[in-house]
Every structure is written in structure tokens, then in C-alpha cells.
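Reading through the C-alpha cells given below for one structure.
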Amino acid sequence: INSYDTWHGTKNIVKEIRKICRGTAANRDKTWFIDLSDKMESTKAHLYWCMKHCMGNADDLRAKVLNISKHYQGDHHGCHHESQCHFPGYHPRKQLLSNPAAISALESSLKNTPIYLHAEHYCQCRETYWIESFNHQLLTYLCKGIYFGEDTFAMRMNLAVLDWNENVRRAVTSHRLYLNVQRPNHHAPSRVLVEKTFMFVQEIWETYIHTNQQSTLSDICEEDIAYHEDLTVQPGMECEDGLFLDEEDDDDEWNVS
């Protein structure tokens, strides 16, 4: 199944919708509308929600995307039954749309989004969290601004894999709320994870030492065998201190010359 990821689907949504939300005073109510100025970021969040709750159905995804405009008009018949707009006492935080031109401009922009045009490829709601996480880990060991030789590159790549595998599913100890001046509308809590571990480093050392010990013992055994083979005394061979082996002595007794 061909499927696109959600991040790339919404990557340029705000940029496209900004065209009908902001502009010069001369083009107000012509190419952009003040009624839409507070709906850029929330529209992106709505599109994420649509992909997540369309149950893999492309037609349902398109219907949910178009329902964004109706939601901003105060019509919540097509909204999910668990949405806040169905709760008693709900009060919309965004200005309700009533300008037909603004409504038409928003619907036109929604229909031109990649999510609506290629709903068959986005209805699976694929995400690239694990890929992005591993890519971030690679940059820790393989800086883009440094050229590495083939062996060094392979070594650092392997270290990155070991590090990521060991720490990718760290437990969450708590959640922290903070305000990011660059993302003032971001209110999701940040997870506080347990401290990273580096057990793979110890395992590498243990494997290295064990392998060298085995190799050293093997070399010693081979050298010892070769040494004793060199010291093998043949019959009639003269040895140190004037000793020699009698050729006719079946008991291999040593005699002094």
C-alpha cells in the first residue's frame, strides 16, 4: 500500500492558508479575510485529527476535511461525538464564519491541500516518528560537516544503531509544561525521560577483550607447538653439553660422549 506520512502532508498547510488569512489592506475581503486570521494553526491541527480518525477510508477523510469549514461556521453535525463542540456549555474560541466569500476561500484552500487531493495516500495516517528519531541519533555520531573515512563511517554508524536501540524506548518519569516563544500556540506537555544508558559500550569492551584473549591463547598454543616441534631430537643428533642420542638405543637413553 502506497502511503504518505502525516508530517509531509501538513508541512506547508499553514503557508498556503496564510495567503487567505493575511495580506495588504488593499486586498482585504478580496484575496484574504480577517475572519480567517485566527484559524491557520488550528486548521493544521484539524487536518491531523482528520487523518487519524478517518479509519483508513479516503472518502471519509475528504468529508472530514470539508467539515472543518462547517465547524468554523458553528455547524457541528459532522463533528465527532466526543469533540468538545458537543459538550454542554461549549463556547468556540475562534470567531465564527459568516462571510460567504471567506467560507468559499477556506473551502477552496482545503480542497487544494495534498491531504484532500491525495486522500488515498494519507488515509492510513502514517507517521515517521521512529525514522526522525533515528535520523536525529545518526547526526549525533555522524556530523554532516565532517568527512569520515569508510571504516570510521561504518564504526560510527554501528555505534549510533546500538545507542538508539538501547535508549529509544526509555520510560517517562513525568511531564513538563513550558512556553516556547517560537511556538506560542504549542501547549502539549513535554515528556521527561529517564537518563540515557550506555551499556553497549561495556559490551563492546567485553567482546573486544574476550576476542583478544581467545586470539592470544590460540597464538600461544600454536607457537608452543611449533617451539616443541623445533626441539624434537632425532637419533644421532648432537645436542648441547656434548649429549647425543644413541641411534641403537631403543630406550632413548642419554649418553655422554
Side-chain angles (χ1 to χ4, degrees), residues 1-23 40-52 109 112-118 120-215:
I1 298 177
N2 185 33
S3 179
Y4 299 152
D5 66 279
T6 57
W7 183 83
H8 285 93
T10 58
K11 179 181 179 181
N12 296 317
I13 292 297
V14 175
K15 181 179 179 181
E16 293 298 323
I17 296 181
R18 185 181 291 115
K19 297 177 181 178
I20 61 174
C21 298
R22 297 177 182 176
M40 289 186 295
E41 293 291 342
S42 57
T43 299
K44 181 178 180 179
H46 273 288
L47 290 172
Y48 269 112
W49 185 93
C50 292
M51 288 185 286
K52 186 176 181 179
S109 294
N112 287 328
T113 59
I115 298 172
Y116 185 90
L117 295 174
H118 308 288
E120 293 80 4
H121 301 321
Y122 288 101
C123 60
Q124 300 298 328
C125 193
R126 303 290 186 184
E127 63 175 358
T128 57
Y129 170 79
W130 303 110
I131 298 175
E132 299 297 336
S133 173
F134 180 65
N135 181 67
H136 180 270
Q137 185 65 60
L138 284 180
L139 295 178
T140 304
Y141 288 86
L142 295 168
C143 179
K144 292 182 177 180
I146 301 177
Y147 173 80
F148 297 100
E150 184 175 351
D151 293 338
T152 303
F153 182 89
M155 178 193 68
R156 287 179 169 267
M157 173 69 76
N158 292 331
L159 290 175
V161 172
L162 293 173
D163 192 346
W164 189 77
N165 286 339
E166 182 174 333
N167 295 287
V168 66
R169 294 183 180 273
R170 284 182 290 162
V172 179
T173 59
S174 60
H175 290 81
R176 177 179 57 192
L177 293 173
Y178 65 95
L179 178 62
N180 188 339
V181 294
Q182 295 180 344
R183 303 174 64 188
N185 296 324
H186 183 74
H187 302 291
S190 176
R191 299 182 304 165
V192 179
L193 307 178
V194 298
E195 188 176 355
K196 288 185 65 173
T197 60
F198 298 92
M199 297 300 297
F200 69 94
V201 177
Q202 181 65 26
E203 293 177 2
I204 290 175
W205 275 113
E206 292 177 354
T207 303
Y208 174 78
I209 293 174
H210 177 73
T211 303
N212 279 336
Q213 287 178 343
Q214 294 295 330
S215 177

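Here, residue 1 is the first one in the sequence, and each next residue gets the next number.
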Once you round to the nearest 0.5 Å, how far does [atom1] of [X] lie from [atom2] of [Y]?
X	Y	atom1	atom2	result
Glu41	Ile13	CD	CD1	11.5 Å
Ile17	Asn12	CD1	CG	11.0 Å
Leu162	Gln137	CG	CD	10.5 Å
Leu142	Leu159	CG	CG	9.0 Å
Lys11	Lys44	NZ	NZ	10.5 Å
Gln124	Asp5	CD	CG	13.0 Å

Results of side chain to side chain donor-acceptor pair (under 3.5 Å) for [X] - residues two or more places apart only:
X	answer
Glu16	Lys19
Thr6	none
Ser190	none

For a 4.5 angstrom cut-off between non-hydrogen side-chain atoms, does [X] reach [Y]?
X	Y	result
Thr173	Leu193	no
Thr10	Met51	yes
Cys50	Ile115	no

remark   = Residues passing the ring pair (Phe, Tyr, Trp, His ring centres under 6.0 Å) test with Trp7, sequence neighbours excluded, are none

query = ring-ring contact (aromatic ring centres under 6.0 Å, His included): which pairs involve residues 133-167, sequence neighbours left out?
reply = Phe134-Trp164

query = Would you find a donor on one side and an acceptor on the other, under 3.5 Å apart, between the side chain of Asn135 and the backbone of Ile131?
reply =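 No, the answer is negative, given that no donor and acceptor are paired below the 3.5 Å cut-off.
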
Flag yes if more than 12 heavy atoms outside [X] fall under 6.0 Å of its [atom1] atom; otherwise flag no.
X	atom1	result
His210	NE2	no
Arg22	CZ	no
Arg170	CZ	yes

Kindly list each side-chain donor-acceptor pair under 3.5 angstrom involving residues 195-205, sequence neighbours excluded, with atom names and distances?
from: Lys196; atom 1: NZ; to: Asp163; atom 2: OD1; distance (Å): 3.3
from: Lys196; atom 1: NZ; to: Asp163; atom 2: OD2; distance (Å): 3.3
from: Thr197; atom 1: OG1; to: Glu166; atom 2: OE2; distance (Å): 2.6
from: Gln202; atom 1: NE2; to: Glu206; atom 2: OE2; distance (Å): 3.2

ask   = Is there a side chain to side chain donor-acceptor pair (under 3.5 Å) between Asn112 and Tyr116 once you walk through the steps?
value = CA-CA 7 Å; Asn112 287 328; Tyr116 185 90; over 6 Å; no

